[in-house]
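Reviewing the structure listed below.
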Protein chains: 2
Amino acid sequence: MPKKKNYHHGDLKNALIKAGVEILAKDGVSGLSLRKVALKAGVSHTAPYSHFADKQALIAAISTEGFRQLYKRVSAVIDEYQTKPSTQLVEVAWAYVQFAMDDPDRFKVMFSGVLEKEKEYPEFVAESQRSFQLVKMIVEANQTSGKLRGGSSDLAALSVWGIIHGFVLLLLEGQIPHAILEQKSLRELVEFQLEQIMVK
Amino acid sequence: MPKKKNYHHGDLKNALIKAGVEILAKDGVSGLSLRKVALKAGVSHTAPYSHFADKQALIAAISTEGFRQLYKRVSAVIDEYQTKPSTQLVEVAWAYVQFAMDDPDRFKVMFSGVLEKEKEYPEFVAESQRSFQLVKMIVEANQTSGKLRGGSSDLAALSVWGIIHGFVLLLLEGQIPHAILEQKSLRELVEFQLEQIMVK
DNA sequence: TCTCAATCTTGACACTGTAAAGATTATAGA
DNA sequence: TCTATAATCTTTACAGTGTCAAGATTGAGA
């Protein structure tokens, strides 16, 4: 009896996450099924249960991985624009928008309630808070330089995140009036959003 | 053979929408199935197909109905506070937040991509735009009174909506840091958000 | 080498959306 | 008023889904 070489996959957990991301990009949230993910990874339809408690757990892992990449990209932007804090803020916001548009369905999964939060996923919470800390840092720098109003940096960071996040979601849902999108580029719209809360 | 009095329901379409809203409130998005809706309405599991092309169409109808109610509530608030435009703005924002929290799952369905937008649902689009026009009106009043910066009222309305909408979604997703929620009431947080873009 | 825990497969179940065909009823036109 | 036709609803069927239970395979430590 020949040894089945691939009975143990070796790195199935990550392979499943990767397969999930790909299916998400191709078929959207409604097309993401555990069975398809397993098939794509080349294992039986219940193999994922050795690594994830249920479908929600896989989605949590995909979301967590998404936050990890978002953190990376935002960090890179911060490093790249170390001139003025206000420039950093705009560029980070722009990176956020691009991240969302690169893979809208993953973004929605990360933020828009596909993940049911009753069960706690500590890694997910930790990773998302890590990203928020990044925003907070930039906001504080802008408060110091006078480009953002003072007060609680937590609250100010929430405002900044909220205004961009709200814009992105309205964008992804096609709720932004046609007339607006014809007049201004996305980049200009993002800048306009930020100008609303920037001092002067 | 006795006439089955209830073979034709009479107003099944609306009954299905109502049943859907109730299931949504109780079991969440993931618990919303066509079969459950049909059962709750007292008809066979395929009866809905006489009124809706598919599940998405029912969800679109639920969303549309949601926008109709949102419009009503916001209108009422506008009528109630006809003093200062800035007061109207705060109260409308507060009504928006309350609407979301009254029925978080319906709110998510309305906005967060459960509805797949490839297929067009003209009623849905019309109703959501009608609500946006309401926001635009208030924003214009605030621009006139100097409480909001000038420029395109479409863009300004987008900012206002975005900042509140973003806040609500972060709230519903539990992404707002614990420390913040302990310090300030929801109402105060909403006011803080708006102060960020109000002049002075 | 033996044992055991981790990993993966097979098989089964209830539940889902939806298509097809037929039953029932309302209604419009004769 | 009668009848044909369209609207509405039911029955039946099927493929796809998440998940559980039992068993097969394998790697790693005793």
Side-chain angles (χ1 to χ4, degrees), chain A residues 1-20 22-24 26-63 105 109 113-116 118-119 121, chain B residues 1-20 22-24 26-63 105 109 113-116 118-119 121:
Chain A
M1 185 103 108
K3 265 199 210 175
K4 282 190 192 166
K5 187 163 165 245
N6 287 335
Y7 198 101
H8 281 57
H9 181 286
D11 192 23
L12 183 56
K13 186 168 184 177
N14 285 313
L16 290 170
I17 293 175
K18 193 180 161 197
E22 287 171 16
I23 290 175
L24 206 46
K26 194 154 63 77
D27 303 337
V29 181
S30 65
L32 180 68
S33 81
L34 266 185
R35 293 172 104 108
K36 265 199 248 174
V37 168
L39 185 68
K40 184 151 209 160
V43 293
S44 78
H45 65 271
T46 57
Y49 285 89
S50 293
H51 301 276
F52 301 101
D54 50 23
K55 190 184 178 185
Q56 281 292 308
L58 172 61
I59 291 178
I62 291 175
S63 299
D105 289 287
V109 163
V114 180
L115 219 186
E116 290 158 24
E118 309 93 51
K119 303 173 191 173
Y121 299 98
Chain B
M1 186 106 105
K3 268 199 209 175
K4 282 188 192 168
K5 187 164 164 243
N6 287 335
Y7 199 102
H8 281 56
H9 180 287
D11 192 23
L12 183 54
K13 185 169 184 178
N14 285 313
L16 291 170
I17 293 174
K18 193 180 162 198
E22 288 171 17
I23 291 175
L24 206 46
K26 195 155 63 77
D27 303 337
V29 182
S30 66
L32 179 68
S33 80
L34 266 184
R35 293 171 102 109
K36 265 199 249 173
V37 169
L39 184 69
K40 183 151 211 161
V43 292
S44 78
H45 65 270
T46 57
Y49 286 91
S50 294
H51 301 277
F52 302 101
D54 51 23
K55 190 183 179 184
Q56 281 292 307
L58 172 61
I59 291 179
I62 292 174
S63 299
D105 289 287
V109 162
V114 180
L115 219 186
E116 291 158 22
E118 309 94 51
K119 303 173 192 173
Y121 298 98

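Chain letters run A, B, ... following the sequence lines, proteins first and then strands; every chain starts at 1. Everything numeric in this text was worked out from a predicted model, so none of it was measured.
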Protein-nucleotides 11-15 of chain C N/O pairs closer than 3.5 Å?
unit_1	atom_1	unit_2	atom_2	d
C:dG11	O6	A:His45	NE2	3.2
C:dA12	N6	A:His45	NE2	3.4

Item to check | Check: B:Leu32 main-chain N/O paired with B:Lys55 side-chain donor or acceptor under 3.5 Å | outcome: yes
Item to check | Test side-chain contact (heavy atoms from CB on, under 4.5 Å) applied to B:Ile59 and B:Gln56, step by step | outcome: CA-CA 5 Å; B:Ile59 291 179; B:Gln56 281 292 307; 4.2 Å; yes
Checklist entry - Do any side-chain nitrogens or oxygens of A:Ser50 fall under 4.0 Å of OP1 or OP2 in C:dT7? => result no
Next on the checklist: Strictly by salt bridge (charged side-chain N to carboxylate O under 4.0 Å, His left out), give each pair with a member in residues 9-19 of chain A just once, sequence neighbours left out.
Outcome noted: none
Checklist entry - Going through the checks in order, is the side-chain contact (heavy atoms from CB on, under 4.5 Å) test met by A:Ile62 and A:Leu58? => result CA-CA 6 Å; A:Ile62 291 175; A:Leu58 172 61; 4.2 Å; yes
Checklist entry - Got a sec, which residues hit side chain to side chain contact (heavy atoms under 4.5 Å, CB included) with B:Ser44, two or more places apart in sequence or on another chain? => result B:Thr46, B:Ala47
Next on the checklist: Could you work out, with salt bridge (charged side-chain N to carboxylate O under 4.0 Å, His left out) as the rule, every residue matching A:Lys36, not counting sequence neighbours?
Outcome noted: A:Asp27
Next on the checklist: Enumerate the salt bridge (charged side-chain N to carboxylate O under 4.0 Å, His left out) contacts for residues 40-49 of chain B, please, sequence neighbours excluded, ordered by first and then second residue.
Outcome noted: B:Glu22-B:Lys40
Checklist entry - Given atom NZ of B:Lys13 and atom P of D:dA7, what is their separation to the nearest angstrom? => result 13 Å
Item to check | Options C:dT9, D:dG18, D:dT10, nucleotide nearest the side-chain atoms of B:Ser44 | outcome: D:dT10
Item to check | Atom-to-atom span, CG of A:Asp27 to C1' of D:dT17 - whole angstrom | outcome: 15 Å
Item to check | Considering all heavy atoms, the nearest A:Ala57-A:Tyr121 contact | outcome: N-OH, 3.7 Å
Item to check | Length of the OH-C1' vector between B:Tyr49 and D:dT11, whole Å | outcome: 15 Å
Checklist outcome for this item: Atom CZ of A:Phe52 and atom P of C:dA6 are separated, to the nearest Å, by 17 Å
Checklist entry - Whole-Å distance between C:dT16 C1' and A:Leu34 CG? => result 15 Å
Item to check | Bend angle of the helix from C:dT1-D:dA30 to C:dA30-D:dT1, end axes from five pairs each (to 10°) | outcome: 0°
